[in-house]
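Residue numbers start from 1 in every chain, and the chains themselves are labelled A, B, ... in the order their sequence lines are given, proteins ahead of strands. Only heavy atoms go into these numbers, but all of them, side chains included; no hydrogens, no water, no symmetry mates.
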Amino acid sequence: EAEVAQSPRYKITEKSQAVAFWCDPISGHATLYWYRQILGQGPELLVQFQDESVVDDSQLPKDRFSAERLKGVDSTLKIQPAELGDSAMYLCASSSQFQMDGQYGYTFGSGTRLTVV
Amino acid sequence: AQSVTQLGSHVSVSEGALVLLRCNYSSSVPPYLFWYVQYPNQGLQLLLKYTSAATLVKGINGFEAEFKKSETSFHLTKPSAHMSDAAEYFCAVKGANNLFFGTGTRLTVIP
């Protein structure tokens, strides 16, 4: 079964350092999402890509967060500088247009657990 | 705007007992609703979805949910809890282009 790949699985970084997460969606999925899930809460959308274009980044803290999907395939989410409050699970998901039109939702990766110390 | 509210952040049941996890939705259009399960340090796995066909939806692992428009609810149930059901469960509603999630319910199964 096709999967959304994310790396690293776990990351510990010091406050004020830079950190990056990588996501490889299911092959052929045009839409890619980055969600942040703070412990004890539900996932919240940070950014959504359609191919290489940003569809929605209204909740992305742009002073420190950036995301790119240069070739419309894999994606990188970066935080610089990291703050203590950024400790969370960062989840990537992808979907095809067929999935969203058919209301099938989307497929999540296993996430990256970030701890900022 | 679409949103979901999950009632009860923690639910405990005995092994073999009925599982009931509550979700109410708010939507200005006919909603498309989902339940996801998350095991510790894992991503979210789709349990089931409501896409305006049958109001009683069956999912994986013996779970099912019933869409009730009059109550704006989409509660998740399972007749008999297993230890392996212990996890966090999220209800979600489809917005224009993405999903909006509830705050989750942690299910504990007591042996």
- [ ] Would you list the pairs meeting ring-ring contact (aromatic ring centres under 6.0 Å, His included) in which at least one residue belongs to residues 89-111 of chain B, sequence neighbours left out?
- [x] A/Y35-B/F101, A/F108-B/F101, B/Y36-B/F101, B/F63-B/Y89

Task: Sequence neighbours excluded - ring-ring contact (aromatic ring centres under 6.0 Å, His included) pairs with any residue from residues 41-66 of chain A - done: none

- [ ] Identify the residues of residues 66-92 of chain A whose heavy atoms come closer than 4.5 Å to a heavy atom of chain B, ordered by number, or report 'none'.
- [x] A/M89, A/L91

Open item on the list: For B/Q6, which atoms come within 4.5 Å of any heavy atom of chain A: side chain, backbone, both, or neither?
Closed with: neither

[X] with [Y], same ILVMFWY side-chain cluster at under 4.5 Å:
| X | Y | result |
| --- | --- | --- |
| B/V37 | B/V11 | yes |
| A/V54 | A/W34 | yes |
| B/Y50 | B/L56 | no |
| B/L44 | A/L46 | no |
| A/I26 | A/L32 | no |

Task: Selection residues 48-83 of chain A - residue pairs positive for disulfide (SG to SG under 2.5 Å), sequence neighbours left out - done: none

Task: Contact class of A/Q48 relative to chain B, heavy atoms under 4.5 angstrom - done: side chain

Task: Engaged part of A/Q37 at the chain B interface, taking heavy atoms whose separation is under 4.5 Å - done: side chain

Open item on the list: If you compare all heavy atoms of B/N41 against all heavy atoms of A/R9, which two are closest, and at what distance to 0.1 Å?
Closed with: O-NH2, 2.6 Å

Task: Minimum heavy-atom distance A/Y106-B/L99, with the two atoms named - done: OH-N, 2.9 Å

